Amino acid sequence: MDTRSSSRPHGRPAFITRERVGVALLFLMNGFMVGAWAPKIPEFAGRLGLSESALGLMILTFGLGSIVMMPIAGSQIARFGSSQVSKVAAILLTPTLLLLTWVGDVWTGAVAIFLFGGLLGAMDVAMNANAVSVEKHMRRSIMSSCHAFWSLGGLVGSSTGGFLIEHIGVSAHVILVTILAALMIVAAWRTVLHDAPHPDEANHAAARRLPLSPLPWLIGIMALFCMIPEGAILDWGALYMRNELAASVSLSGLAYAAFSLTMAAMRFAGDLIRDRFGAVMTLRVCSVIAILGLLLIGFAENAPMAIAGFALAGIGISNIVPICFSAAGNLPGMAAGVGLSVVTTMGYSGILVAPSGIGFIAEHTGLAAIFAGLSVLILVVLLLSSLARHADNAHH
């Protein structure tokens, strides 16, 4: 057990601690790398001569990388502790955007994007496990604000990327991004909470195989059903506004902007709300707001009404995933990394895999029906909401 956490005072520690800053920097760096990649995709596709369907396969390779590496990271956390695994994953992740910029053919491109997706995913599991450790250490919720820093990193990376690529060029942009990411790791290095490995869990065969308890799988379904709508809004929101509500190009862009703005704001507030009302009540209220938002998007008669729906959906969805991750990391009798790797892998497959399926269905039904229909998934989350009580274990 870490000596710092065993000698803590009986009251709650300070609201902001070194360990909290350290893990927030990891989330910021991970989100920044994802955000910086988004504006590079058209150039990547052009350089390798990829058609739309070939680019779709590349993006699927990115997702497969994540899904392969996440469970591996989960088992390594039990052996080495989350701080070690997140640092190693972060160091390995840093040069991957350079690789993606300098590959010259489709096969090396596929290897590079598999590594990029895999290391992002591995770091994701490890930094979420570290956030769970910091929650236990501080005895207060920090998961939502960690995810807010991830959203913030994504916002900064994606909003500056296009401008920088245009003005300083592709290579200069990617070198700058790599240097900034490295600086964030250096800043976080000494402050990340060092959690001791769990040798008893690592030697335990159960740590290496998939858990038999239904709890992580049920919480994984909650994360999945919440991240499918998030992926749908990201990939199809602007298209819906443009094609079905006849919105202008600039107005269509506001769909995801409204969603991500309310989401980031609510994630910064989410920990205080959760500490005040408990995880179960917070999750239930969030689910109801998300359902109303999705229904409003689906039944919108004009663009402003849909934008209001996207903003509401952002408020509702914002804190569901952080609560699911906290619950997964605090399941009784289960290593934090193992429960988390199940839930993160299931959840992220919702963002990575589902949007392509949505395109196929939308050809037959239209996107309005899809957005309204997605509210049924959040209804399932609402029905399973009592499982969020495990998220409050961090405080006891």
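This structure is a prediction, so every number in the text was calculated from the model and none was measured.
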Please give me the minimum heavy-atom distance between S171 and W102, naming the atom from each residue. OG-NE1, 3.3 Å
Please check if L180 and I165 belong to a single hydrophobic cluster, counting links between Ile, Leu, Val, Met, Phe, Trp and Tyr side chain heavy atoms closer than 4.5 Å. no
In terms of heavy-atom contacts, S151 and A264 come closest through CB-CB, 4.2 Å
Between T108 and D105, do the side chains contain an N or O donor and an N or O acceptor separated by less than 3.5 Å? yes
Hey, what do you get for CE (M123) to CZ (F27), rounding to the nearest 0.5 Å? 8.5 Å
Would you call F32 and L155 a side-chain contact if the rule is heavy atoms closer than 4.5 Å? no
Using distance alone, with no hydrogens and no angle criterion, decide if D124 and T344 have a side-chain donor and acceptor under 3.5 Å apart. no
Rounded at 0.5 Å granularity, tell me how far CE in M222 sits from CG in L377. 13.0 Å
What's the shortest heavy-atom distance between S133 and S82, and which atoms? OG-OG, 4.3 Å
Look at the rings of F116 and W37 and say which category their plane angle falls in: under 30° parallel, 30 to 60° tilted, over 60° perpendicular. perpendicular
Which donor-acceptor pairs under 3.5 Å do the side chains of residues 322-329 make with protein atoms, sequence neighbours left out?
| from | atom 1 | to | atom 2 | distance (Å) |
| --- | --- | --- | --- | --- |
| S326 | OG | E135 | OE1 | 2.8 |
| S326 | OG | E135 | OE2 | 3.3 |
| S326 | OG | R274 | NH1 | 3.4 |
| S326 | OG | R274 | NH2 | 3.3 |

Is the NZ or CZ atom of R267 positioned over F149's six-membered ring, under 6.0 angstrom from the centre and within 45° of the axis? no
Nearest-0.5 Å distance, CG of residue L245 to CG of residue L239: 11.0 Å
Do R20 and D271 pass the salt bridge (charged side-chain N to carboxylate O under 4.0 Å, His left out) test, and can you show the C-alpha distance, the side-chain angles, and the key distance before you say yes or no? CA-CA 13 Å; R20 182 172 191 171; D271 297 318; 3.6 Å; yes
Checking N130 against S86 for the side chain to side chain donor-acceptor pair (under 3.5 Å) test, could you report, in this order, the C-alpha distance in whole Å, the side-chain angles of both residues, the deciding distance, and whether it holds? CA-CA 8 Å; N130 193 262; S86 26; 5.0 Å; no
Would you check, one step at a time, whether the test side-chain contact (heavy atoms from CB on, under 4.5 Å) holds for V23 with V192? CA-CA 6 Å; V23 75; V192 174; 5.7 Å; no
Can you tell me how far the CH2 atom of W236 sits from the OH atom of Y256, to the nearest 0.5 Å? 16.0 Å
Let me confirm one number: the CE-CG distance from M184 to L26, rounded to the nearest 0.5 Å. 11.0 Å
Can you hop from V170 to V34 via hydrophobic side chains spaced under 4.5 Å? no
Side-chain donor/acceptor pairs under 3.5 Å, residues 333-341, sequence neighbours excluded:
| from | atom 1 | to | atom 2 | distance (Å) |
| --- | --- | --- | --- | --- |
| S341 | OG | G337 | O | 3.3 |
| S341 | OG | V338 | O | 3.0 |

With no hydrogens and no angle check, just 3.5 Å: does a side-chain donor-acceptor pair link H137 and D195? no
So the salt bridge (charged side-chain N to carboxylate O under 4.0 Å, His left out) pairs with at least one residue in residues 21-44 (sequence neighbours excluded) are E43-R47
